[in-house]
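Step one of this worksheet: look at the structure below.
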Amino acid sequence: MADLDNEKPLRKISEAFNELAITVNSQTADVELAPFSSACSLISPLFGCLGIAFRFAERDYIAKVKDLAEASKSIGTLQALLERDIGANAVRKAGSHSRNLLRVKRGLDMLRVLFEYLLETEGNSLKEPASKSYAQVFAPHHGWVIRKSVAAEMYALPTKAQLLKKLNEDEASSRLQMQNYIATVTPVILYVEKLFLSRELGLDW
């Protein structure tokens, strides 16, 4: 993937999720689907920057976010999305908006965990942070073939320096933006999980 010109995707992502976090933390309004899917779409280039090892995640994530963006034309909030699928007995059906929402949530979580490991890991290699975050978030939901394939492709990860160059960040600015993302996305992730758990829908499917 080419460098993102003069864009600073980490900054855009942090700003977008900060708006969502404010809504969640206010506890006075439901999270609207349109700004949620818009914020999530900003993350797609980051999976692309990680190269072949996360190509499966990039393709899957983009498709799921696109579905949510399309759904936002007729569904106002995340809560309404779940309620509609519950009413249609379609929550766990392949391709349902609820199923796609859960998978997008995992994409957000994957990036959060990756950033946490990056912030505490010395050196220029992404292999250990990426392997740990994949094992923690995605691997429990993947079959043996996918897990084996991802492990084999970890050799193709860019270095940390190459990743930061693609994102137009230096070491100091990237640390700040990663910390901002972790802080703002965490309440949003917890909000989505609570929507599923409060309806006894579970998260491990």
Arg11/Glu169 ion pair, N-O < 4.0 Å: yes
Nearest atoms (heavy-atom pairs only) where His141 meets Asp204: CE1-OD1, 3.8 Å
Steps toward salt bridge (Lys or Arg N to Asp or Glu O under 4.0 Å) verdict (Glu70, Lys66): CA-CA 6 Å; Glu70 191 64 30; Lys66 192 176 289 186; over 6 Å; no
ILVMFWY cluster, Val185 and Leu190 together (side-chain gap under 4.5 Å): no
Close side-chain approach of Phe138 and Met110, heavy atoms under 4.5 Å: yes
Close side-chain approach of Val31 and Val188, heavy atoms under 4.5 Å: no
Side-chain heavy atoms of Asp170 within contact of Ser173, under 4.5 Å: yes
Arg92 (side chain) donor-acceptor with Leu201 (main chain) under 3.5 angstrom: yes
Gap between atom CD1 of Ile52 and atom OG of Ser149 - 0.5 Å precision: 7.5 Å
Shortest non-hydrogen separation from Thr186 to Ile182 and the atoms involved: OG1-O, 2.6 Å
Closest approach of Cys49 to Pro158 (non-hydrogen atoms, all atoms of both residues): O-CG, 3.4 Å
Evaluation steps, side chain to side chain contact (heavy atoms under 4.5 Å, CB included), between His97 and Arg84: CA-CA 9 Å; His97 299 319; Arg84 181 179 291 197; 5.6 Å; no
Nearest-0.5 Å distance that lies between atom CD in Glu32 and atom OG in Ser72: 10.0 Å
Within 6.0 Å of CH2 in Trp144, more than 12 heavy atoms from elsewhere: no
Parallel, tilted or perpendicular: rings of Phe54 and Tyr134 (30°, 60°): perpendicular
Point-to-point distance, once rounded to the nearest 0.5 Å, from CG of Asp67 to CZ of Arg99: 12.5 Å
Flag, side chain of Arg112 to backbone of Tyr181, donor-acceptor distance under 3.5 Å: no
Inter-residue atom distance Ser174.OG - Leu167.CG, 0.5 Å rounding: 8.5 Å
Sub-4.5 Å side-chain heavy-atom contact between Ile62 and Phe47: no
Side chains of Asn180 and Ser14, donor plus acceptor under 3.5 Å: no
Carboxylate-amine/guanidinium proximity below 4.0 Å for Lys132 and Glu128: yes
Heavy-atom donor-acceptor pair, Arg55 side chain to Gly51 backbone, under 3.5 Å: no
Side chain proximity check, Leu203 to Leu102, heavy atoms < 4.5 angstrom: yes
Cluster link Leu176 to Leu46, ILVMFWY, side chain under 4.5 Å: no
Full working for side chain to side chain contact (heavy atoms under 4.5 Å, CB included) between Leu114 and Val137: CA-CA 10 Å; Leu114 176 63; Val137 180; over 6 Å; no
Rounded distance (nearest 0.5 Å) linking atom NZ of Lys127 with atom CG of Leu157: 9.0 Å
Cluster check Leu119, Val113: I/L/V/M/F/W/Y, side chain < 4.5 angstrom: yes
Beyond-backbone contact of Leu108 with Phe17, side-chain heavy atoms, under 4.5 angstrom: yes
Ionic contact status for Glu171 with Lys160, cut-off 4.0 Å: yes
Shortest non-hydrogen contact from Pro45 toward Leu42: CD-O, 3.2 Å
Steps toward side chain to side chain contact (heavy atoms under 4.5 Å, CB included) verdict (Glu116, Met178): CA-CA 8 Å; Glu116 287 176 345; Met178 287 180 190; over 6 Å; no
Heavy-atom donor-acceptor pair, Thr121 side chain to Tyr117 backbone, under 3.5 Å: yes
Same apolar cluster: Leu195 and Leu197, side chain cutoff 4.5 Å: yes
Main-chain N/O of Ser125 paired with Thr159 side-chain donor or acceptor, under 3.5 Å: no
Residues Lys148, Glu153; criterion side chain to side chain contact (heavy atoms under 4.5 Å, CB included); working and verdict: CA-CA 9 Å; Lys148 191 79 172 173; Glu153 289 166 349; over 6 Å; no
Smallest separation among heavy atoms of Ser96 and Ala90, with atom names: CB-O, 3.0 Å
Min side-chain heavy-atom separation Thr77-Leu33 under 4.5 Å: no
Contact check, side chains of Val91 and Trp205, non-hydrogen atoms, under 4.5 Å: yes
Co-membership, hydrophobic cluster, residues Ile75 and Ile86, 4.5 Å side-chain: yes
Pairwise distance CG(Asp30) to CZ(Phe36) - rounded to 0.5 angstrom: 13.5 Å
Thr23 versus Ala29, closest heavy-atom pair with distance: CG2-O, 3.9 Å
